[in-house]
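Every chain is numbered from 1 and lettered A, B, ... according to where its sequence line falls, protein lines coming before strand lines.
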2 protein chains.
Amino acid sequence: MDIRSELKAHEIKYTKQREEVLSILKASMLPMTINQLRDQLEVEMDLSTIYRILDVLLEKEIITKTVPLEPSQALYDYKRHIHKHHLICTICGKIQIIEGCPLHDYEHQVEAKTQYIIDRHQLELYGVCPNCQIH
Amino acid sequence: MDIRSELKAHEIKYTKQREEVLSILKASMLPMTINQLRDQLEVEMDLSTIYRILDVLLEKEIITKTVPLEPSQALYDYKRHIHKHHLICTICGKIQIIEGCPLHDYEHQVEAKTQYIIDRHQLELYGVCPNCQIH
DNA sequence: TTAACTGCAAACAATTTGCATTGTT
DNA sequence: AACAATGCAAATTGTTTGCAGTTAA
């Protein structure tokens with residue numbers, strides 16, 4: 001599906017800024033910070049515009065947001081069919097994608113125990129990548 | 001163990017500011033933001049001092065830091081024997097403690113698969129608490 | 001006494017807001 | 001034409017830093 005249709009499918013008004021932000025996120029295999037996103041823009045746009053677009057995409061659950069422990073700048077990620085988490089190297093910052101999620105059953109158990117209705121979670125792992133273990 | 005000894009055991013120089021910050025965190029069953037912490041101080045102290053003290057306590061792994069998705073202000077928590085996570089109500093902000101951790105085996109699997117050495121993780125759940133489901 | 005810690009003020013960074021202008025439907 | 005989105009500038013908020021004065025060991 002092209003970006004234009006994807007926006008329409010979510011009832012988001014088309015603008016070239018929204019198209020560009022979404023297509024950059026969609027093309028990236030790794031989650032991105034606002035600054036990384038801005039650096040990839042072909043047409044410059046104001047940071048406040050980017051923030052507002054990300055808010056819309058989050059609202060519609062087209063992307064996800066994560067706030068890592070360090071550096072604590074938010075990461076935005078296009079939501080694909082495979083739910084995934086990140087393993088972040090605390091030395092070099094490299095992000096390793098971990099496909100799948102270990103929390104399905106756990107969330108149900110917690111719902112049963114607490115009576116909360118759980119609708120999402122934030123999980124990242126932190127450690128040292130193979131490369132940084134050597135150097 | 002009293003706070004003074006606890007600081008000494010971790011080779012942290014005693015100051016009344018450090019004593020107070022640590023004792024407040026230790027007394028709280030819930031994780032706290034910097035502002036909540038400051039509001040409980042009997043002796044006022046500068047915010048930069050609080051940040052620096054928290055850095056020391058984190059360094060020595062006496063406390064943990066979490067950066068929730070919303071509101072994205074860091075939470076600090078005294079580290080007890082029972083590893084735990086938080087379930088945060090996205091309506092009223094109430095934090096429910098979940099004792100235990102579902103990630104032990106998972107971390108080992110991920111280590112085996114990725115060759116990273118994993119040393120910590122961040123996990124919180126988000127949902128709607130029983131009270132907010134009614135109102 | 002010495003090195004480390006604190007307070008203060010200023011800098012910095014990330015994010016949000018108000019408002020006039022522009023663009024989409 | 002009507003309403004919503006963008007750009008710009010300014011305001012907010014959270015956090016960090018430099019430095020002079022104070023304090024713990």
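Every residue two or more places apart in sequence or in another chain that forms a salt bridge (Lys or Arg N to Asp or Glu O under 4.0 Å) with A:Arg120 is listed here: B:Glu70.
A:Glu19 places no side-chain N or O within donor-acceptor distance of the main-chain N or O of A:Arg4, the cut-off being under 3.5 Å. In terms of modelled atom types and a separation under 3.5 Å, the side chain of A:Gln40 and the main chain of A:Leu25 share no donor-acceptor contact. Put simply, the side chain of B:Gln122 never gets that close to the backbone of A:Leu125: no donor and acceptor are under 3.5 Å apart.
When each of B:Thr15 and A:Met45 is assigned the nucleotide of DNA chain D bearing its nearest heavy atom, the one mapping closer to the 5' terminus is A:Met45.
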For residues 72-79 of chain B, which side-chain donor-acceptor pairs fall under 3.5 Å, sequence neighbours excluded?
residue, atom, partner, partner atom, Å
B:Tyr78, OH, B:Glu6, OE2, 2.5

Donor-acceptor pairs under 3.5 angstrom involving side-chain atoms of residues 44-58 of chain A: please list them, not counting sequence neighbours.
residue, atom, partner, partner atom, Å
A:Asp46, OD2, A:Ser48, N, 2.9
A:Asp46, OD2, A:Ser48, OG, 2.6
A:Ser48, OG, A:Arg52, NH2, 3.3

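For A:Ile50 and D:dT6, the CD1 to C1' distance is 12 Å, given to the nearest whole Å. At whole-Å resolution of the value, CZ in A:Arg38 and C1' in D:dT6 are 16 Å apart. For B:Asn35 and D:dT12, the CG to C1' distance is 13 Å, given to the nearest whole Å. A straight line from CD of B:Glu11 to C1' of D:dA24 spans 16 Å, rounded to a whole angstrom.
Side-chain atoms of B:His121 and B:His83 include a donor-acceptor pair closer than 3.5 Å.
The outermost nucleotides of DNA chain C lying under 4.0 Å from heavy atoms of chain B, listed 5' to 3', are C:dA4 to C:dC8.
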Restricting both atoms to N or O, compile the protein contacts to nucleotides 15-19 of chain D shorter than 3.5 Å, with distance only.
residue, atom, partner, partner atom, Å
D:dT15, OP2, B:Tyr51, OH, 2.4
D:dT15, O5', B:Tyr51, OH, 3.1

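Applying the salt bridge (charged side-chain N to carboxylate O under 4.0 Å, His left out) test to residues at least two apart or on different chains, none of the pairs has a partner in residues 93-118 of chain B.
Contact check, A:Thr49 against D:dG7: a side-chain N or O comes under 4.0 Å of OP1 or OP2.
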